Amino acid sequence: MCDKYKSVFRYGEDEIIINKSRFIGYCKPVKDEGEAIAFIDEIKDIHKTATHNCYAYIIGKNLQRFSDDGEPSHTAGMPILTTLLNEGLENLCVVVTRYFGGVLLGKGGLVRAYTSGCKIALEKSIIVEKIPHYLVKLNLDYSKLGSVENYFNNKEIQTVEKTYLEDVSIQLYIDIDSYEDFLEDIMNLTNGDLFSQIIGQKYLSVLNGKILFDKGE
């Protein structure tokens with residue numbers, strides 16, 4: 001079995017008004033702590049006049065950081081981090097910016113407000129599973145294409161590229177854990193009249209069993 005984890009698909013932002021205070025939630029997938037810190041600095045630079053820019057990030061299984069940025073201890077950064085942990089997420093950073101509206105929220109109100117600011121950012125970013133896939137290239141005769149495409153349709157396998165020359169060349173991503181079964185099925189389907197090659201490997205975002213492709217993938 002290969003390691004899978006939950007994260008977010010893309011950058012997202014949203015905002016809410018709570019008792020006249022404006023809370024803006026930002027979320028971004030990040031690969032390492034350097035990317036997280038750069039994202040935090042970017043948001044702080046955008047909102048230099050904000051009352052607070054509170055944040056939390058998780059990298060891998062073990063690296064966790066948060067900041068209340070002047071709010072009472074554990075009323076802002078910690079609720080953001082707790083929300084991420086409760087969702088079981090990794091490799092992402094959330095910043096919640098607050099513009100104070102003149103009404104004190106109290107500690108409980110702050111915890112709820114920053115939790116809400118985190119959640120709306122996560123909703124815009126889309127929570128997904130990150131699953132390792134092989135990028136596979138298949139070469140097959142035109143006579144085999146119909147049955148192979150029917151197999152793809154039945155299994156809801158998404159192809160990336162098709163090239164029609166002397167034979168048909170197909171590129172597609174296959175979950176690493178499913179690859180051996182996939183290859184056996186394809187070989188049986190084509191009576192072994194097929195060339196298969198693994199040409200790459202990467203983590204892809206999967207939602208409800210379907211791959212969500214980033215631009216350029």
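Heads up: numbering here begins at 1 and tracks the sequence. Worth saying up front: this structure is predicted, and the values here are computed from it rather than measured. Basis for what follows: all heavy atoms, side chains included, without hydrogens, waters or symmetry-related copies.
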- Decide yes or no on side chain to side chain contact (heavy atoms under 4.5 Å, CB included) for Thr82 and Thr115, but give the supporting numbers first. CA-CA 8 Å; Thr82 299; Thr115 298; over 6 Å; no
- Starting at OG of Ser196, measure out to CG of Leu138 and round the result to the nearest 0.5 Å. 5.0 Å
- Message: Does anything in residues 60-98 form a ring-ring contact (aromatic ring centres under 6.0 Å, His included)? List the pairs, not counting sequence neighbours.
- Response: Phe66-His74
- Can you name the nearest heavy-atom pair linking Ile80 to Ala56, along with the distance? CG2-CB, 3.7 Å
- Query: Measuring from Lys107:NZ to Glu71:CD, what's the distance to the nearest 0.5 Å?
  - Reply: 11.5 Å
- Any pair with a residue in residues 143-161 that passes salt bridge (charged side-chain N to carboxylate O under 4.0 Å, His left out), sequence neighbours left out, goes on the list, sorted by first then second residue, please. Glu149-Lys162
- Pairwise ring-ring contact (aromatic ring centres under 6.0 Å, His included) hits with a residue in residues 104-134, at least two apart: Phe23-Tyr114, Tyr134-Tyr179
- Mind running side chain to side chain contact (heavy atoms under 4.5 Å, CB included) on Leu135 and Lys202 for me, showing each step along the way? CA-CA 8 Å; Leu135 177 59; Lys202 70 185 302 183; over 6 Å; no
- Query: If Ile, Leu, Val, Met, Phe, Trp and Tyr residues are connected whenever their side-chain heavy atoms lie under 4.5 Å apart, and connections chain through other members, are Val8 and Leu207 in the same group?
  - Reply: no
- Quick one: salt bridge (charged side-chain N to carboxylate O under 4.0 Å, His left out) partners of Glu90, sequence neighbours excluded? Lys61
- Would the number of heavy atoms belonging to other residues, nucleotides or ligands and lying under 6.0 Å from CG of Asn188 be above 12? yes
- Task: First locate atom OH of Tyr57, then atom CG of Leu81, and finally report the distance between them rounded to the nearest 0.5 Å.
- Result: 11.0 Å
- Message: If hydrophobic clusters are built by linking Ile, Leu, Val, Met, Phe, Trp and Tyr wherever their side-chain heavy atoms come under 4.5 Å apart, do Ile170 and Met187 end up in the same one?
- Response: yes
- Query: Can a donor-acceptor pair be found between the side chains of Asp69 and Ser67 at a distance below 3.5 Å?
  - Reply: no
- Message: Are Leu92 and Ile120 connected into the same hydrophobic cluster when the rule is that any two of I, L, V, M, F, W, Y join if their side-chain heavy atoms are below 4.5 Å apart?
- Response: yes
- Query: Of the non-hydrogen atoms in Asp175 and Asp177, which two are nearest, and what is the gap between them?
  - Reply: OD1-N, 2.9 Å
- Message: By the salt bridge (charged side-chain N to carboxylate O under 4.0 Å, His left out) test, which pairs, at least two apart or in different chains, include something from residues 121-139?
- Response: none
- Between Val94 and Leu122, what is the shortest heavy-atom contact and its length? CG2-CD2, 4.3 Å
- Using 30° and 60° as the class limits, which term best fits the ring planes of Tyr5 and Tyr203: parallel, tilted or perpendicular? tilted
- Answer yes or no: are there more than 12 heavy-atom neighbours, outside Asn208 itself, under 6.0 Å from its atom CG? no
- Phe9 and Phe39: same hydrophobic cluster, using ILVMFWY side-chain contacts below 4.5 Å? no
- Step by step, work out the side chain to side chain contact (heavy atoms under 4.5 Å, CB included) result for Phe195 and Asp167. CA-CA 11 Å; Phe195 175 77; Asp167 59 9; over 6 Å; no
- Output for pair (Lys119 NZ, Ile127 CD1), nearest 0.5 Å, gives 10.0 Å
- Query: Is there any ring-ring contact (aromatic ring centres under 6.0 Å, His included) pair reaching into residues 136-156, and which pairs are they, with sequence neighbours excluded?
  - Reply: none
- Message: Whether the side chain of Asn191 engages the backbone of Asp193 through a donor-acceptor N/O pair (distance < 3.5 Å, no angle test) should be reported.
- Response: no
- Query: Can you check whether Asn91's main-chain N or O pairs, donor with acceptor, with Ser7's side chain at less than 3.5 Å?
  - Reply: yes
- Task: Verify side chain to side chain contact (heavy atoms under 4.5 Å, CB included) between Arg98 and Leu105, making sure each step is shown before the conclusion.
- Result: CA-CA 12 Å; Arg98 182 190 185 189; Leu105 300 182; 3.8 Å; yes
- Is a side-chain N or O of Asp68 found less than 3.5 angstrom from the main chain of Ser73, in a donor-acceptor match? no
- Query: Under 4.5 Å between side-chain heavy atoms, hopping through other hydrophobics if needed: is there a path connecting Ile176 to Ile186?
  - Reply: yes
- Task: Identify the heavy atoms of Ile16 and Ser116 that sit nearest to each other, and give their distance.
- Result: CD1-CB, 3.6 Å
- Query: How far does CD of Glu33 sit from CD1 of Ile40, to the nearest 0.5 angstrom?
  - Reply: 8.5 Å
- Query: Heavy atoms, side chains only, cut-off 4.5 Å: are Glu87 and Ile58 in contact?
  - Reply: no
- Message: Would you say Gln158 and Tyr173 are linked by a side-chain donor-acceptor pair, where the criterion is simply a distance under 3.5 Å?
- Response: no
- Query: So, for Lys4 and Pro132, which heavy atoms are closest and what is the spacing to 0.1 Å?
  - Reply: CG-CD, 4.2 Å
- Query: If you take all heavy atoms of Ser125 and Tyr11, which pair is closest and at what distance?
  - Reply: OG-C, 3.8 Å
- Spacing of Ile17 atom CD1 and Ile24 atom CD1 [to the nearest 0.5 Å]: 8.0 Å
- Query: Donor-acceptor pair, Thr97 side chain versus Asn53 backbone, under 3.5 Å?
  - Reply: no
- Note on the structure: Given the options Arg22, His47, His52, Tyr99 meets side chain to side chain donor-acceptor pair (under 3.5 Å) only with His47
